[in-house]
Each structure stands twice: as C-alpha cells, then as structure tokens.
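Below is one structure, written out as structure tokens; the observations come after it.
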Amino acid sequence: MEMAISITDLSYTYHDGTPALKGVSLDISRGESIGVIGPNGAGKTTLLLHLNGILMSENGKVKILGKETRKENLKGIRRDVGLVFQDPDDQLFMPTVFDDVAFGPINMGCAQEEVRERVAQALEWVGMEGCEQRSPQHLSIGEKRRIAIATILSMSPQILVIDEPTANLDPRAKWELTVLLRGLSMTRIVASHDLEMVAALCERTIVLDNGKIVADDATPIIMSNTVLLQRHGLAPASGIIEPRDRGPLLNR
Ligand SMILES: Nc1ncnc2c1ncn2[C@@H]1O[C@H](COP(=O)(O)OP(=O)(O)OP(=O)(O)O)[C@@H](O)[C@H]1O
Ligand SMILES: [Mg+2]
C-alpha cells in the first residue's frame, strides 16, 4: 500500500551550520496517528517543516502520498498536508478570525456557503464558536492556538501535522482537543513534550534526539521505558535535586 509519508535518509543543516536532522528514515501508513517526542532542539519542528516542503533538503527524500516534495509538486502537497505551526502567530495573519479560518477553504475554491459551513464547523471543533469577528491578534495565546488549529481543520487535509498542539492550553481545552484529534480518521503526526496527550492520542511514537530517531515503537512500549525517556530528557532523571532540598531561596 502507498505510504502517507515516506522519508529516506533525510539530513538538514541550517544556514548557520547547525545540523538539525541527521539521516532520518521513516514510513507512516495512511490513517496512522504518530507522536514525535524529544527534548528541546531535538529536530522535531525541523522534521515537521519538511512534510509540506517549507524546508527541502538536498540530502534525503521526502514523499507525501507517493509524490516527492519538489517545487513542481508543492501545490498539491500543501493541499494534502495541513501543518499547524508551533507558534500560532506564524499561522494567523488576517484581520478577523473568520478570514483566517476561511482562508484555506477559499483557496481550495469552495463556494461561499461551504466556506461558511467549514468555518463554523472548525470553530465549533476547537470550542471557539462566536469569535468570527474578533481580531486574532487580540486573543489569548491558548485561544490563538485553537484558532490556528481551526485554520487547518477547515481544509480537512488528508494528513494533519501539528507542532506542540497542547502548549498553552488549559486542561479542559487540552482534553477536548485530544478527544477531537483522536476522533479524526486522517493520518496525524503530532510533535510534543506532552506525553500524556501523546499516550492518549497516538498508537505509535517516535523519539527524536540530536537529529536522529532513537526509538520507534508502539506508544505503550515507549511510555513504559523510563530509562529511554530519562536518557532523552523526557522524564525526570532519578537523583535530581528537588528545589526544596536546596533550602529556602527567597529568604536568603
Ligand atoms: N532557523 C534556524 N537557524 C539555525 N538553527 C536552527 C533554526 N531553527 C532551529 N535550529 C536549530 O536546529 C535544531 C533543531 O531545532 P528544532 O526547532 O527542530 O527542535 P525541536 O525539537 O522542535 O525543539 P523544541 O522542543 O524546542 O520545539 C536546534 O539545535 C536548533 O537550535
Ligand atoms: Mg519545535
């Protein structure tokens, strides 16, 4: 069967010489829900940015639904892959929430009525109905993140890629989003430090560290491997000094 995503030996170095990915190979089947976890600077965002050709590397190959991420394929690939950025300010640029969420459907050529329906549905999914006329710039960070997710859901992409979806979300919004994402049938790739959300959402988890995949297995197997999680900065190391053991800091 054709893979949703097929990455072969992908390496990427930023212009300043920072190596961010070092020989990543990964196959993701259609309909899979995959967690990408790893410490700060591991390369998660860099990997995700390759999935719709925002970044393209000479070193290695990225195929989306059988099409290589090359300039001539990008239009189709960007319709197939919906990417929610780590920073919602990178996603929101229109004067109103409605315009931002409607932007994708309008671009896809949807008729006015369908655009309205898609916007209403996406805003309901993220619990932001009634905010159509507000300015995205004046929303709280958590609200912005929900709208950023809505701008992608309104396009119903075949592959949904989300970078840190639960950052800045309150517990209720986080669980509502997890339930929503779990109910979707498209291929989903989620980069996160939020192991609780990944455990609830993803059947398979990849651990990335220092630009390399260091583990790729069923989520329960990864999550129960405390040594692995500790080694890659995803669980508190044993023997860590608790702040209270250092004595009162404020009264000194
Ligand atoms: N625009 C850039 N220019 C130079 N180096 C960069 C750039 N963006 C990221 N890097 C570097 O590339 C490496 C991987 O960064 P990346 O943002 O992919 O990590 P991450 O796993 O998403 O981290 P986080 O958990 O903090 O989001 C890091 O060493 C980072 O400093
Ligand atoms: Mg990141």
Side-chain angles (χ1 to χ4, degrees), residues 5 7-26 28 33-62 64 69 74 77 81-93 141-142 144-149 151-152 159-169 173-174 177-178 181 187-202 204-217 219 222-223 225 228-237 240:
I5 296 173
I7 300 173
T8 317
D9 207 16
L10 178 68
S11 295
Y12 186 79
T13 300
Y14 282 100
H15 295 301
D16 67 356
T18 309
L21 295 176
K22 305 170 186 169
V24 169
S25 293
L26 179 63
I28 299 175
S33 173
I34 303 242
V36 179
I37 62 175
N40 291 135
K44 303 182 295 295
T45 296
T46 308
L47 178 65
L48 265 43
L49 292 176
H50 279 85
L51 300 180
N52 72 351
I54 291 177
L55 295 180
M56 284 189 277
S57 178
E58 305 278 300
N59 306 300
K61 207 179 269 184
V62 179
I64 306 296
T69 52
L74 283 192
I77 284 172
V81 179
L83 183 112
V84 183
F85 291 112
Q86 184 161 5
D87 181 352
D89 284 330
D90 290 339
Q91 203 111 32
L92 307 173
F93 53 92
I141 299 176
K144 278 186 190 175
R145 185 168 301 282
R146 297 199 219 180
I147 299 301
I149 293 167
T151 67
I152 298 302
I159 300 173
L160 181 63
V161 180
I162 312 194
D163 204 348
E164 296 289 352
T166 55
N168 310 105
L169 292 190
K174 171 177 142 171
L177 179 68
T178 306
L181 295 176
T187 311
R188 286 144 293 163
I189 295 116
V190 180
S192 188
H193 304 115
D194 184 345
L195 302 190
E196 203 180 28
M197 189 260 315
V198 170
L201 178 63
C202 306
R204 178 176 159 204
T205 296
I206 283 150
V207 183
L208 201 63
D209 197 359
N210 197 18
K212 292 184 183 148
I213 293 179
V214 294
D216 177 352
D217 218 324
T219 301
I222 300 277
M223 296 302 172
N225 190 340
L228 173 81
L229 296 176
Q230 284 176 344
R231 192 181 300 142
H232 300 287
L234 294 160
I240 204 164

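Counting starts at 1 for both ligands and their atoms, following the listed order. In this text the structure is predicted, and so the values were computed from the model without any measurement.
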Specify the protein heavy atom at minimum distance from atom 26 (O) of ligand 1: its residue, its atom name, and the distance to 0.1 Å. Asn40 ND2, 2.9 Å
What atoms in ligand 1 come closer than 4.0 Å to a heavy atom of Ala20? 12 (O), 13 (C), 14 (C)
What do we get for Pro39 next to ligand 1 when only non-hydrogen atoms under 4.0 Å count, side chain, backbone, both or neither? backbone
OG1 of Thr8 to NZ of Lys61: how many Å apart, nearest 0.5 Å? 6.5 Å
His232 NE2 to Asp209 CG distance, which is reported to the nearest 0.5 Å: 5.5 Å
So with a 6.0 Å cut-off around CD1 of Ile54, is the heavy-atom count from everything else above 12? yes
Contact check: Gly38 vs ligand 1, nitrogen or oxygen atoms, below 3.5 angstrom: no
As a quick check of understanding, evaluate side chain to side chain contact (heavy atoms under 4.5 Å, CB included) for Ile28 and Thr187, giving each step before the final call. CA-CA 8 Å; Ile28 299 175; Thr187 311; 3.8 Å; yes
Using atom types as modelled and distance alone, determine if a side-chain donor or acceptor of Gln91 lies under 3.5 Å from a backbone N or O of Phe85. yes
Sub-4.0 Å atoms of ligand 1 with respect to non-hydrogen atoms of His193: 25 (O)
Within the stated cut-off of 2.8 Å, is an N/O/S atom of Gln86 closer than that to the Mg ion (ligand 2)? yes
So if I count the atoms of ligand 1 from 1 in the order they appear, which ones are less than 4.0 Å from some heavy atom of Ala42? 19 (O), 20 (P), 21 (O)
What protein heavy atom sits nearest atom 2 (C) of ligand 1, and how far away is it? Tyr14 CD2, 3.4 Å
For Arg145 and Asn168, work out which heavy atoms get closest and say how close. NH2-OD1, 3.5 Å
Only heavy atoms count here, so choose which of Leu21, Thr45, Val36 is nearest to atom 17 (O) of ligand 1. Thr45
To the nearest 0.5 Å, what is the distance between OG on Ser25 and CD1 on Ile7? 8.5 Å
protein heavy-atom neighbour closest to atom 25 (O) of ligand 1 works out as Lys44 NZ, 2.7 Å
closest protein heavy atom to atom 11 (C) of ligand 1 is Thr18 CG2, 3.7 Å
Tell me the protein heavy atom at minimum distance from atom 27 (O) of ligand 1, and give that distance in Å. Gln86 NE2, 3.0 Å
Tell me yes or no: between the side chains of Thr205 and Thr219, is some donor less than 3.5 Å from an acceptor? yes
Winner among Ile37, Thr46, Leu48, Leu47 once heavy atoms are compared against atom 16 (P) of ligand 1: Thr46
Atom 23 (O) of ligand 1: nearest protein contact (heavy atom, Å): Gly41 N, 2.8 Å
Check this for me - ligand 1, Gly43, N or O atoms closer than 3.5 angstrom, yes or no? yes
Looking at Lys22, I'd like to know if its NZ atom is crowded, meaning that more than 12 non-hydrogen atoms belonging to other residues, nucleotides or ligands lie closer than 6.0 Å. yes
Main chain of Gly38, side chain of Lys44: is a donor-acceptor contact present, judged purely on distance under 3.5 Å? yes
State whether Thr45 contributes an N/O/S atom found under 2.8 Å from the Mg ion (ligand 2). yes
